[in-house]
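In what follows, a single structure is set out as structure tokens and then discussed.
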Amino acid sequence: MPSQSKPKPNHLLVVIITTSGSFPESGFEEVPINQHLEVMLKKAAKALGITDTTGWLAKHGLTILDPSKSYHDLGLAGEVSLDYGPPASGGGNE
């Protein structure tokens, strides 16, 4: 779906960004604000050919999101870019 400047009432525009690519490939997908985040995450994983997302985190900025909650419950609106991937590993020289 091409990017839109403003979603329909009670909807928002979402893009999921992973190390395997973005979903949708360009622009945003319009989704209902009461839809649970996990619906779009599963759709993105399938479209990008990601077979195992066990332990992956969805983030908006630095905030880790609960995929079982709706966009409305998470306070998200408008155009939303979400990062989805495995948690960052700690690094260091120990």
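Keep in mind the model is a prediction, meaning the values are calculated, not measured. Only heavy atoms go into these numbers, but all of them, side chains included; no hydrogens, no water, no symmetry mates.
The hydrophobic cluster containing L37 does not contain V15, counting ILVMFWY residues as joined when their side-chain heavy atoms lie under 4.5 angstrom apart, directly or transitively. With hydrophobic clusters built from ILVMFWY side chains whose heavy atoms lie under 4.5 angstrom apart, L13 does not share a cluster with L41.
Distance check: T51 OG1 to K46 NZ gives 13.5 Å after rounding to the nearest 0.5 Å. In this structure, CG on L76 lies 6.5 Å from CG on L82, to the nearest 0.5 angstrom. Once rounded to the nearest 0.5 Å, the distance linking NZ of K6 with CD of E79 reads 12.5 Å. Here D83 contributes atom CG and I17 contributes atom CD1; the two are 5.5 Å apart, rounded to the nearest 0.5 Å. Annotation: the span from H36 atom NE2 to D66 atom CG amounts to 9.5 Å, rounded to 0.5 Å.
Using a 4.5 Å heavy-atom threshold, the side chains of Y84 and T18 count as touching. When side chains are defined from C-beta on, S81 counts as touching F28, because their heavy atoms get closer than 4.5 Å.
Nearest heavy-atom pair, G55 versus P87, reported as atom, atom and distance to 0.1 Å: O-CD, 3.3 Å. L48 approaches S20 most closely through the heavy-atom pair CD2-O, 4.2 Å. Across H60 and L65, no two heavy atoms sit closer than the pair CB-CD1, 3.9 Å.
A donor-acceptor pair under 3.5 Å is formed between the side chain of E30 and the backbone N or O of K8.
Salt bridge present: K43 and E29 bring a charged side-chain N and a carboxylate O closer than 4.0 Å.
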Starting from the C-alpha separation in whole Å, work towards a yes-or-no answer on side chain to side chain contact (heavy atoms under 4.5 Å, CB included) for F23 and M40. CA-CA 9 Å; F23 179 80; M40 184 73 164; 3.9 Å; yes
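For D73, the side-chain hydrogen bond (donor to acceptor under 3.5 Å, both in side chains) partners two or more places apart in sequence, or in a different chain, are S70.
The side chain to side chain contact (heavy atoms under 4.5 Å, CB included) test with Y71 singles out one residue from L12, N34, V80, and that residue is L12.
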